[in-house]
Amino acid sequence: MSPAPLPESAIPEDGLDHFAARITAAVAPLINQQASALQLERPRQEEHGEFSLPCFRFAAGTGEKPPALAARLADAIEIADVEASAVGPFLNFRIASTAMAQVVLADAGREDYGSAKEGLTSIVEFSSPNIAKPMHVGHMRTTVIGAALARLFDHLGHKVIRINHLGDWGAQFGKLVAAWRRWGSEESLLTDPIDHLLKLYVRYHEEEEQDPTLGEDAKAAFQELESGEDNETRKTWIRFTQESLKEFQKVYDRFGISFDYLRGESWYEDKLEGLLAWLDSCGVTEESDGATIVDLTSEDIKTPCLVKTAHGTTLYATRDLAAARSRWDEFSFDQSLYVVGAEQTLHFQQFFAVLRRCGADWASRLEHVPFGLIRLAEGKLSTRAGRVISLKEVLDRAVELALAAVEEKNPELANKEEVAEIIGVGATMFHDLKHQRQKDVVFDWKEVLSFEGDTGPYLQYTYARCGSILRKAGKPADRDNFDSSLVAEESRELCIALGRLPQAIREAAQKREPMIVAQALLRIGAAGNVYYRENRVLGLEDPAQENARLVVLETLRNTLSMGLGLLGIRCPEEM
RNA sequence: GCACCCGUAGCUCAGCUGGAUAGAGUAUUGGAUUCCGAAUCCAAAGGUCAGAGGUUCGAAUCCUCUCGGGUGCACCA
C-alpha cells in the first residue's frame, strides 16, 4: 500500500520546470510517449543547452538511427522560447535568455518558489536523544537532516508531523534513580543537570562491578518506575526528563528547530501490553529460551525480532512497534520516516518485517532514513572512552571563530554576537547538510569551522552583499517596470541556477537527501558572486538597466534566504 | 562466519532513473580591488573513477568476484 501517485496538477511549473513542461509536451506525441514519461537530462556541457533528450531508446521504435531521429525531431519541433538542435544522437534544448530571465526572475525569490500541494501526511521522527546524556556531534546529523526533510516536505505541501522520540525509558533509568539516591547533589543538578546525571551514571556503572547490591537496587528502581505508580522514583525520573529537555531545548533553539510532539519511549508504555496481545492474536509470536520472539525467516531476515525478554520486560523493538501502530491509528500517515543512523538498519528491517507478518499493509509506508556515522580521527565516538565532542562545544567554537572573523572583517558591525551566532551555527549545519547522508564522516574541526569556499557562510555572505547593494540603492526594485531583456544575457548562468532549484527541492524530498538542495544553492551562490562582480548595479546612466539589475539581486537574495531557510539556516543582513 | 554501507584529484566531496571531453571546494602556484563588501573573482596544475571480469550502441553509475575501510548480527537502545 504505497501512496497514490501525485496528480499532474500537484506539480507546479516554477523556474526551468516551466520550459521543461513545454519541451516534453511538444516532443512526447512525436515519439508516441507520455509527456510524463520523458526524462529530460541536464547536459554536462553548457553549450548543449539546459535540457537534453538522448534519442537512443526511442530510435528503436521508429526504425531510425538515433542521430537521424534527433535530427528529424529538431526540424519538426516548434517550442516557444526554446531552440531544439540535434548533436549526434542527442536532442538538445536551449532556452531563450529573455524568456528565461522573465520567467525565472518572476518565480524565484517568492516564499513559495518551488512549492507544491502534494497533500501527503508525513511523519518525520528525528533527533531523539537520550535523557540524562549530553547531545554530542553524533546527534547532529539526525537532528539537522530530519529538520531539513521536514521543512522540505512542508514546502511541498505535506502535513508534516515532527516527532522527537526521546530515549527516556529502559533499565538504565533504574540505575540513574538508584545512583541519584546514593550520591545525587541538588546543587549540581541545578547548575549542569546533564553533566551531573552522566557522572552519576558512569560512577554507578563502575561501582556496580564491585558491589552487586547496586544492580539489585537499580532493578528495583526500574520496577517501581514500570509499575506506573506515582511514587518517588517516578517523580525523580520526571524531574531528570524535564531537566534534560531544558538542556536539549537550548540546542534546538540555536538550530531553530521545533517539534510537534515530544514523545519519548515512555509515552508508549501503556500501549505495550496491547501490542503484545495483538502480535499474539496475529499468531506471529513464539517462545525461545524463555523470551518471546517473532521469527522473520519468511521475510528473509535470519535474526528473529525479540519483543519480550525472559525476565518479562519489553525492548526497544517492542516500543517501536507500539509507537508505529499508535501513530498509524492517530495520524493515518502516507509516509513515516525514521531519521536514524545506519547502524540500526537491521533493527528497522526487523520491526517493519514484524508488521508485514501481521498483515499491516501500512508497514510499507514506514521508512528508515539512514545516515553514516560520525567518527573522530582517533576512532569511533565513545562516551566511556572519553571520545566525545558535545554539540554545544561544536556550536560554541564555530560561533567563537565567526565572531573573530566578524571583528576582523567588519569591526563597525553593531550586533556582532548575534551575527556570529547565525554564521557559526549556519556553517556547522550547512557542513552537515552538504554531504550525502549515507557516507560516514570523519569529524574534522578544520572543515566544520571553515567559512570559505563551499560553505554556509559563503552563501550568507552572498545574501548580505545583495542586501547591502539593495539598501544602497535606496529604493525597492520595481518589478512592474522590469525589462528582462536588459539583463537576459548577463544573468543567464544565474537564472539557470536559480531556475533549477524547484527540481532540486523535489528531488531532495523524494530521495530524502537535503544535500541536493545544498548543492543547488552553492551553484546559485557561485553564479551570483560572478554576477555582481561583473555587473555593477548602482550609479548606472540608464535607470531601467539599474532597476533590472536590482530585480536580479533581489531575486538572488530572496532565493538564498528561502533555500537556506529550507535547510534551517538563517541569513544575517550584514556580516 | 553471515548481512548491509562505503571506495572518484594531495585532502574533503559532487556526478541525477546507465549517455556527449569525469566536475567543485580546499591545499599549491600565479593574477584581479581609482569601481556597489576580497568570507569574493579569474587562471594554472592536479584523476588507470580501488582492481578484474560481465551486461550494453554506450558504465564512475547496473551484475559477479577480489582487495581495502566501516557497521551490524536475540534478552542494550
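Because the structure is a prediction, the values reported are computed rather than measured. Lettering follows sequence order; numbering is per chain, from 1.
- B:rU40 sits 29 Å from B:rU21 when the C1' atoms are compared, rounded to a whole Å.
- Rounded to a whole angstrom, the distance from the P atom of B:rC49 to that of B:rA39 is 38 Å.
- Note on A:Arg44: every side-chain N or O is 4.0 Å or more away from OP1 and OP2 of B:rG23.
- A donor-acceptor pair shorter than 3.5 Å cannot be found between the side chains of A:Tyr532 and A:Asn535.
- You cannot call A:Phe90 stacked on the base of B:rG19; the centres under 5.5 Å and planes under 30° rule is not satisfied.
- Atom name P, nucleotides B:rC5 and B:rA43: the rounded distance is 40 Å, in whole Å.
- The base of B:rA38 does not come close enough to the side chain of A:Arg533 for any donor and acceptor atom to sit less than 3.5 Å apart.
- A close approach under 4.0 Å does not occur between any side-chain nitrogen or oxygen of A:Arg57 and OP1 or OP2 of B:rG19.
- A donor-acceptor contact under 3.5 angstrom links the side chains of A:Asn92 and A:Ser52, judged on distance only.
- Only the C1' atoms considered, B:rA32 is 16 Å distant from B:rG37, to the nearest whole Å.
- In this structure, A:Phe56 forms an aromatic stack with the base of B:rG19, since both conditions hold: centre separation below 5.5 Å and plane angle below 30°.
- Comparing B:rA59 with B:rA22, their P atoms sit 13 Å apart, to the nearest whole Å.
- Using a 5.5 Å limit on the distance between ring centres and a 30° limit on the angle between planes, the aromatic ring of A:His48 counts as stacked on the six-membered base ring of B:rA20.
- Not one side-chain nitrogen or oxygen of A:Lys65 sits closer than 4.0 Å to the OP1 or OP2 atom of B:rC57.
- Not a single donor-acceptor pair, N or O on each side, falls under 3.5 Å between the base of B:rA74 and the side chain of A:Thr309.
- The closest side-chain donor-acceptor pair between A:Thr314 and A:Arg319 falls under 3.5 angstrom.
- B:rA45 and B:rA24 have their C1' atoms separated by 16 Å, with the value rounded to a whole Å.
- B:rC13 atom C1' lies 7 Å from atom NZ of A:Lys439, rounded to whole Å.
- There is a side-chain donor-acceptor pair under 3.5 Å between A:Asn529 and A:Tyr458.
- One P atom belongs to B:rU17, the other to B:rU61, and the distance between them is 13 Å to the nearest Å.
- The distance from atom CG of A:Leu346 to atom C1' of B:rA77 is 13 Å, rounded to the nearest whole Å.
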Begin with the C-alpha distance, continue with both residues' side-chain angles, and end with the deciding distance and a verdict on side-chain hydrogen bond (donor to acceptor under 3.5 Å, both in side chains) for A:Asp280 and A:Thr285.
CA-CA 6 Å; A:Asp280 283 340; A:Thr285 50; 2.5 Å; yes
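- Comparing A:Val406 and A:Glu265, the nucleotide of RNA chain B nearest to each residue sits closer to the 5' end for A:Val406.
- Not a single donor-acceptor pair, N or O on each side, falls under 3.5 Å between the base of B:rA39 and the side chain of A:Asn529.
- Applying the 4.0 Å criterion to OP1 and OP2 of B:rC41, one finds that A:Tyr458 has a side-chain N or O inside that range.
- Whole-Å rounding puts the A:Gln519 CD to B:rG15 C1' distance at 10 Å.
- In this structure, the ring of A:Trp169 has its center less than 6.0 angstrom from the ring center of A:Phe222.
- Between the base of B:rA74 and the side chain of A:Ser288 there is a donor-acceptor pair shorter than 3.5 Å.
- For the P atom pair drawn from B:rC73 and B:rG54, the interatomic distance equals 39 Å after rounding to whole Å.
- Applying the 4.0 Å criterion to OP1 and OP2 of B:rG15, one finds that A:Gln436 has a side-chain N or O inside that range.
- Residue A:Arg42 is the one, among A:Arg471 and A:Arg42, whose nearest nucleotide of RNA chain B lies closer to the 5' end (criterion: closest heavy atom).
- Note: CG (A:Leu306) to C1' (B:rC73) measures 13 Å, nearest angstrom.
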